[in-house]
Student: 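Here you go, one structure.
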Amino acid sequence: MVSLGRARAVGLVGLEGTIVDVEAQVAPGLPSFRIVGLPDASLGEARERVRAALQSTGVQLPDRRITVNLSPASVPKSGAGFDLSIAVAVVATGSMPGRDSARRTVHIAELGLDGRLHPVRGVLPMVARAVRAGHPRVVVSGGNAAEAALVPGAEVVAADHLAEVLASYGLTFEPTGEPPASEPPAVVEEGVDPPDLRDVVGQPEARFALEVAAAGGHHVVMIGPPGAGKTMLACRLPSILPDLSDEDAVAVTSIHSIAGTFTPTHGLIRRPPFEAPHHTASPVAIIGGGSGVPRPGAVSRAHGGTLFLDEAPEFPPSVLQTLRQPLESGQVVLHRAHAAARYPARFQLVMAANPCPCGAGVRCECPAGTRRRYLARLSGPLLDRVDIRMEVRRVTRAMALLGSGGETSAEVAARVAAARLRQETRFAPMPWSLNSAAPGRWLREGLSAGVRRELEKLVHAGVLTMRGLDRVLRLSWTLADLAGEDRPDLPHVGMAYTLRTGGSDATAV
Ligand SMILES: Nc1ncnc2c1ncn2[C@@H]1O[C@H](COP(=O)(O)OP(=O)(O)OP(=O)(O)O)[C@@H](O)[C@H]1O
Ligand SMILES: [Mg+2]
Ligand SMILES: [Zn+2]
């Protein structure tokens, strides 16, 4: 006689979840326990964990042939999150009062050898998928309950031990061995104030450039000697960006859920993230990847926010090259043997660089060629996408000690929000929403005849290339938006030209 047990789980590839049907079958034959359906190495381990967890819970495995099938087979399955569904399906092959309920329920948890449920990564996108697929009842570990509950419409059942889950299906077991010690309460981080622009003394040009960058979503490169405040300024960019939209908040939080870099008790991530990978970080850490389910890298954790490359010329050229794809398409595709995982990666790029590898600042005596070559490491596809070049000069020591900070981030953020609203309204019918993403043709067509004539002169005179022209125009539109004007005028264009070149030779970087 063959008996079947069923439960549901969710497989995740990138941010995309698939409902996985877990079916356990007990058939006559030599005692064995197999899992099929494209299992990778971690599913092999799942077998051992599930077997041990069932034993610790007091479940007697039938002395027959047990086969567990995860379908659809075409979906790559990885990670420990299938453990619980496999255990429930196996138990459901016997007489279990809550069989039908178990079959309709999505189970997402790793099992410990002692039968305890452990949290897994990516619960938010998994539960979201389950709810969308019409399976709102989900069982998760206590450690994942707060995260699962962030999904509207989810009916979250939290449990700490397999025995509890089975009890909810009408089966009573006495776990053997030590009663599980309760998990230590999660450490709640103290709310640290995010860095604020009011701390920055002086630097009016740099502050303004940062405001323009925030308003139009423009990428920035900052060049200046050590201690000039480049890092300080970059860290404050998120503080003047608007909150994430609801849709972006879900995507950003899902990415950080898979990356294991968010605190669910704080709710969805609503503020633009800030990621600053070190130049020694591995390509996988920056772009994403790794064995099994590819993890999102810094470029995806920065989605909706800022990717800051401090000392950008020190990054390996290969890593800088890999940034092309996300800069062009707003996502990364990580290829794996059986599938490609996609993660969103639409970020605002901020690069900082010393003018020279010696780092001596004003005392630098390196030949001009050395300095040029150093910054030329950033050349090509990356700098092509950078609209703003900021020269950051050191404030004097006396000023840093005695001077008072400027406007607060909140004051600047209000102007940024207004400029973004103008763009949203203007671009409502278009597939883009920021000046930095507007195509060249659009930027040129909306100009007044007078401005167009002046720009044509500059291009004819060789002062501006066509590519340079488009960049100046993107910034001009943002300056007009900040000023509350309907279209850029000549002064905006002049100021844009200065922002684009950092007030220095346009061809230097
Ligand atoms: N405009 C400023 N207002 C207040 N403090 C400043 C300012 N500029 C620099 N500082 C102080 O100097 C410190 C160094 O600045 P920061 O690390 O941002 O410089 P940097 O340009 O990134 O230098 P490096 O090239 O060495 O990375 C800051 O932590 C800050 O305390
Ligand atoms: Mg720095
Ligand atoms: Zn030097």
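Quick note: numbers below take in every heavy atom, side chains included, and nothing from hydrogens, waters or symmetry partners.
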Student: Would you mind checking if Asp243 and Arg271 are paired as a salt bridge, meaning a charged N to carboxylate O distance below 4.0 Å?
Tutor: yes
Student: Looking at Ala228, is its backbone amide N or carbonyl O close enough to the side chain of Gln203 to form a donor-acceptor pair, meaning the two atoms are under 3.5 Å apart?
Tutor: yes
Student: Quick one: does any side-chain atom of Gln348 pair with a main-chain N or O of Ala213 as donor and acceptor, under 3.5 Å?
Tutor: yes
Student: Starting from the C-alpha separation in whole Å, work towards a yes-or-no answer on side chain to side chain contact (heavy atoms under 4.5 Å, CB included) for Trp477 and Glu485.
Tutor: CA-CA 9 Å; Trp477 279 96; Glu485 311 277 347; over 6 Å; no
Student: If only side-chain N and O atoms count, and only distance matters, is there a donor-acceptor pair under 3.5 Å linking Ser476 with His492?
Tutor: no
Student: Apply the side chain to side chain donor-acceptor pair (under 3.5 Å) test between Asp481 and each candidate in Arg426, Arg487, Arg420; give the one that qualifies.
Tutor: Arg426
Student: Any ion pair linking Arg270 and Asp246 (charged N to carboxylate O, less than 4.0 Å)?
Tutor: yes
Student: Donor-acceptor pair, Arg236 side chain versus Met232 backbone, under 3.5 Å?
Tutor: yes
Student: Can you tell which of Asp489, Val212, Val493 makes a side chain to side chain contact (heavy atoms under 4.5 Å, CB included) with Leu479?
Tutor: Val212
Student: Looking only at atom types and distance, does a side-chain atom of Ser329 sit under 3.5 Å from a main-chain N or O of Gln325, one as donor and one as acceptor?
Tutor: yes
Student: Strictly distance-based, threshold 3.5 Å: is any side-chain N or O of Thr306 a donor or acceptor partner for the main-chain N or O of Phe274?
Tutor: no
Student: For the pair Glu456 and Arg453, find out whether any cationic side-chain nitrogen is under 4.0 Å from an anionic carboxylate oxygen.
Tutor: no
Student: Answer with yes or no whether the side chains of Glu411 and Thr408 bring together a donor and an acceptor at under 3.5 Å.
Tutor: yes
Student: If you look at every heavy atom in Leu197 and Arg207, which pair is closest and at what distance?
Tutor: O-NH1, 3.0 Å
Student: Distance only, no hydrogens: is a donor on one side chain within 3.5 Å (strictly under) of an acceptor on the other, for Asn435 and Thr478?
Tutor: yes
Student: Report yes or no: do Gln423 and Ser433 form a side-chain donor-acceptor pair below 3.5 Å?
Tutor: no
Student: Using modelled atom types only, decide if a donor and an acceptor are shared between the side chain of Tyr343 and the backbone of Pro294 within a distance under 3.5 Å.
Tutor: yes
